[in-house]
Q: 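One structure, pasted below without further comment.
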Amino acid sequence: MSNTHEIRPGQSVELLKELHILTRDGKMNQDSRRKLKQVYHLFQFIEPLLQEVKTESGRVTLADHGAGKSYLGFILYDLFFKALADDSHIFGIETREELVTSSQALASRLGFPGMSFLNLSVAESITSPALPEKIDVVTALHACNTATDDAIRFALAKQARHIVLVPCCQAEVAGVLRKHKGKLLAGNPLTEIWRHPLHTREFGSQVTNVLRCLQLEAHGYHVTVTELVGWEHSMKNELIIAQYKNLPRRRPAERLETVLESLGLEELRERFSTTLVPQA
């Protein structure tokens with residue numbers, strides 16, 4: 001298949017060259033092809049959410065946590081935000097200063113005024129005056145370990161309408177499971193699920209995402225979990241999409257508490273808090 005058939009209509013070829021997805025002479029290697037396929041696949045999930053906010057509010061704000069080189073942000077801007085001609089805005093949040101600087105320079109070169117890049121941790125961004133009080137859409141792709149939980153906390157604090165997460169490596173829950181394993185093993189045969197170290201790690205990862213989903217539901221969100229097609233080379237291909245629907249909160253909050261107690265994870269109650277300021 002030729003490159004032209006793989007690039008979406010309206011996509012800036014110059015942008016793809018700047019992101020090194022296309023070579024200077026417009027060619028694409030296998031790695032670049034896969035990267036573009038992944039971002040386009042994500043775009044299919046995110047575009048309807050952006051469109052919904054735009055229709056209802058007339059403008060859209062999006063914060064991308066752990067933005068890295070901002071592939072997603074730039075492609076979202078190019079395919080959706082660029083045509084809006086309003087004050088919609090994308091904020092790329094990244095801890096590596098050199099990536100923030102290069103992204104700022106690229107946005108300037110391409111004439112993308114509705115993009116800002118902030119050299120902040122996810123936790124710092126929650127209180128930073130550089131961001132507005134409310135953000136419509138929050139994305140966090142492969143934000144490592146607890147950074148995904150910080151992104152959820154950010155989204156709740158900013159009353160996000162939509163949250164899109166691709167969780168990454170997460171060790172904290174597995175560490176707590178490991179710590180209390182001996183105490184729990186005697187009394188509950190279900191602890192066999194995480195008796196072996198490899199299973200502890202895998203089960204810890206699974207439980208982390210289950211707790212995140214319950215936490216979001218306990219804040220009134222409708223949550224869907226699906227698999228990212230085209231990410232088969234990655235073990236971390238889970239996509240969590242949360243849409244604020246003001247749903248009943250009590251049952252998921254109770255379920256979350258029961259899971260924490262059953263698995264000896266009570267010390268993580270604050271991380272998966274269901275008592276942050278609720279949305280109006």
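These values consider heavy atoms only, across backbone and side chains, with no hydrogens, waters or symmetry-generated copies. Treat the numbers as computed from the prediction; the structure is a model and nothing was measured.
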Q: Before giving the answer on side chain to side chain contact (heavy atoms under 4.5 Å, CB included), spell out for Tyr221 and Leu156 the whole-Å C-alpha distance, their side-chain angles and the decisive distance to 0.1 Å.
A: CA-CA 10 Å; Tyr221 285 83; Leu156 295 173; 3.6 Å; yes
Q: Membership question, hydrophobic clusters at under 4.5 Å side-chain separation (ILVMFWY): are Ile135 and Ile241 in the same one?
A: no
Q: Does any non-hydrogen side-chain atom of Val137 lie less than 4.5 Å from one of Arg161?
A: no
Q: Do you see a donor-acceptor pair shorter than 3.5 Å between the side chains of Asp78 and Ser12?
A: no
Q: I want to check a possible cation-pi pair here: Arg8 against Tyr40, using under 6.0 Å from ring centre and within 45° of the ring axis as the test.
A: yes
Q: Looking at every non-hydrogen atom in both residues, tell me the closest pair between Ala147 and Val122 and how far apart they are.
A: O-CG1, 4.0 Å
Q: I'd like to know if the side chain of Ser108 reaches the main chain of Gln104, judged simply by a donor and an acceptor atom lying under 3.5 Å from each other, with no hydrogens or angles considered.
A: no
Q: Hey, does the side chain of Asn119 reach the backbone of Glu94 with a donor-acceptor pair shorter than 3.5 angstrom?
A: yes
Q: Can a donor-acceptor pair be found, under 3.5 Å and without considering hydrogens, that links the side chain of Ser88 to the backbone of Phe81?
A: no
Q: Test salt bridge (charged side-chain N to carboxylate O under 4.0 Å, His left out) on Lys179 and Glu267; report intermediate values, then the result.
A: CA-CA 11 Å; Lys179 185 167 72 173; Glu267 67 194 74; 2.9 Å; yes
Q: Taking the side chain as every heavy atom from C-beta outward, state whether Asn29 and Arg33 have any pair of such atoms under 4.5 Å apart.
A: no
Q: Rounded to the nearest 0.5 Å, what's the gap from CG on Leu216 to CD1 on Ile163? Could you check?
A: 5.0 Å
Q: Between Arg109 and Glu14, is there a side-chain N and carboxylate O pair less than 4.0 Å apart?
A: no
Q: Quick one: closest heavy-atom pair of Leu79 and Gly10, and the distance?
A: CD2-C, 4.2 Å
Q: Checking side-chain contact (heavy atoms from CB on, under 4.5 Å) between Glu217 and each of Val223, Leu247, Thr274, which is the one that passes?
A: Val223
Q: Say you draw a straight line from SG of Cys213 to CD1 of Ile240; how long is it, rounded to the nearest 0.5 Å?
A: 4.0 Å
Q: Is there a path of hydrophobic side-chain contacts, each under 4.5 Å between heavy atoms, that joins Ile90 and Phe43?
A: yes
Q: Could you go step by step and tell me if Glu266 and Arg269 meet the salt bridge (charged side-chain N to carboxylate O under 4.0 Å, His left out) rule?
A: CA-CA 5 Å; Glu266 292 94 336; Arg269 196 173 276 129; 5.3 Å; no
Q: Atom OG1 of Thr61 and atom CD of Glu133: how far apart are they, to the nearest 0.5 Å?
A: 12.0 Å
Q: Working note: Ser273 + Arg153, criterion side chain to side chain donor-acceptor pair (under 3.5 Å); need CA distance, chi angles, decisive distance, verdict.
A: CA-CA 9 Å; Ser273 172; Arg153 197 172 298 228; over 6 Å; no
Q: Does any N or O in the side chain of Ser128 come within less than 3.5 Å of the main-chain N or O of Ser125, such that one atom is a donor and the other an acceptor?
A: no
Q: Treating Ile, Leu, Val, Met, Phe, Trp and Tyr as nodes and any side-chain heavy-atom pair under 4.5 angstrom as an edge, say whether Leu106 and Ile93 lie in one connected cluster.
A: no
Q: Quick check on the 6.0 Å ring-centre criterion: do Phe91 and His89 meet it?
A: yes
Q: Enter the distance from Arg201:CZ to Arg178:CZ here, rounded to the nearest 0.5 Å.
A: 9.5 Å
Q: On a heavy-atom basis, which atom in Arg271 and which in Gln215 lie closest, and how many Å separate them?
A: O-NE2, 3.6 Å
Q: Compare all side-chain heavy atoms of Ile21 with those of Tyr71 and state whether any distance is below 4.5 angstrom.
A: yes
Q: With side chains defined as the heavy atoms from C-beta onward, is the minimum distance between Asp149 and Arg212 less than 4.5 Å?
A: yes
Q: Looking at Gln11, I want to see if its CD is surrounded by more than 12 non-hydrogen atoms of other residues, nucleotides or ligands under 6.0 Å.
A: yes
Q: In this structure, are over 12 heavy atoms from other groups packed under 6.0 Å from Glu98 atom CD?
A: yes
Q: I'd like to check Leu62 versus Val53 (side-chain heavy atoms, cut-off strictly below 4.5 Å). Are they in contact?
A: no
Q: Whether the side chain of Ser103 engages the backbone of Val100 through a donor-acceptor N/O pair (distance < 3.5 Å, no angle test) should be reported.
A: no
Q: Can you check side chain to side chain contact (heavy atoms under 4.5 Å, CB included) on Lys27 and Leu22, steps first, answer last?
A: CA-CA 5 Å; Lys27 298 280 195 303; Leu22 288 179; over 6 Å; no
Q: Measure the CD1-CZ distance between Ile193 and Arg195 for me, rounded to the nearest 0.5 Å.
A: 12.0 Å
Q: Transitively linked via ILVMFWY side-chain contacts under 4.5 Å: Leu76 with Leu118?
A: no
Q: Please check: side-chain N/O of Glu254 versus main-chain N/O of Arg251, any donor-acceptor pairing under 3.5 Å?
A: no
Q: Taking the side chain from Lys54 and the backbone from Arg59, do they hold a donor-acceptor pair closer than 3.5 Å?
A: no
Q: Would you say that Lys134 contacts Leu131 through its side chain, given a criterion of any heavy-atom pair below 4.5 Å between the two side chains?
A: no
Q: With respect to Leu211, which candidate in Leu263, Leu260, Leu268 satisfies the side-chain contact (heavy atoms from CB on, under 4.5 Å) definition?
A: Leu260
Q: Please report the shortest heavy-atom distance between Ala151 and Val138, naming the atom on each side.
A: O-CG1, 4.2 Å
Q: Evaluate His162 against Glu52 for side chain to side chain contact (heavy atoms under 4.5 Å, CB included), listing each step before the verdict.
A: CA-CA 10 Å; His162 304 288; Glu52 182 187 308; 3.5 Å; yes
Q: For Leu110 and Leu15, run side chain to side chain contact (heavy atoms under 4.5 Å, CB included): C-alpha distance rounded to whole Å, both residues' side-chain angles, the deciding distance at 0.1 Å, then the answer.
A: CA-CA 7 Å; Leu110 293 165; Leu15 169 64; 3.5 Å; yes
Q: Are Val259 and Leu190 connected into the same hydrophobic cluster when the rule is that any two of I, L, V, M, F, W, Y join if their side-chain heavy atoms are below 4.5 Å apart?
A: yes
Q: Just checking Lys17: does its NZ atom have more than 12 heavy atoms from other residues, nucleotides or ligands closer to it than 6.0 angstrom?
A: yes
Q: Going by atom types only, do Gln159 and His219 share a side-chain donor-acceptor pair under 3.5 Å?
A: no
Q: Give me the atom names and distance for the closest heavy-atom approach of Leu42 to Val164.
A: CD2-CG1, 4.4 Å
Q: Ring centroids only, cut at 6.0 angstrom: are Phe80 and Phe74 within range, meaning strictly under it?
A: no
Q: Please report the C-alpha distance between Phe154 and His65 in whole Å, then the side-chain angles of each, then the deciding distance to 0.1 Å, and finally whether the ring-ring contact (aromatic ring centres under 6.0 Å, His included) criterion is met.
A: CA-CA 10 Å; Phe154 171 92; His65 284 291; 4.4 Å; yes
Q: Measure the OG-CE distance between Ser70 and Met115 for me, rounded to the nearest 0.5 Å.
A: 5.5 Å
Q: Looking only at heavy atoms, which two atoms of Tyr77 and Pro113 are closest? And how far apart?
A: OH-CD, 3.5 Å
Q: Once ring pair (Phe, Tyr, Trp, His ring centres under 6.0 Å) is applied, do any residues pair with His199, and if so which ones, sequence neighbours excluded?
A: His196
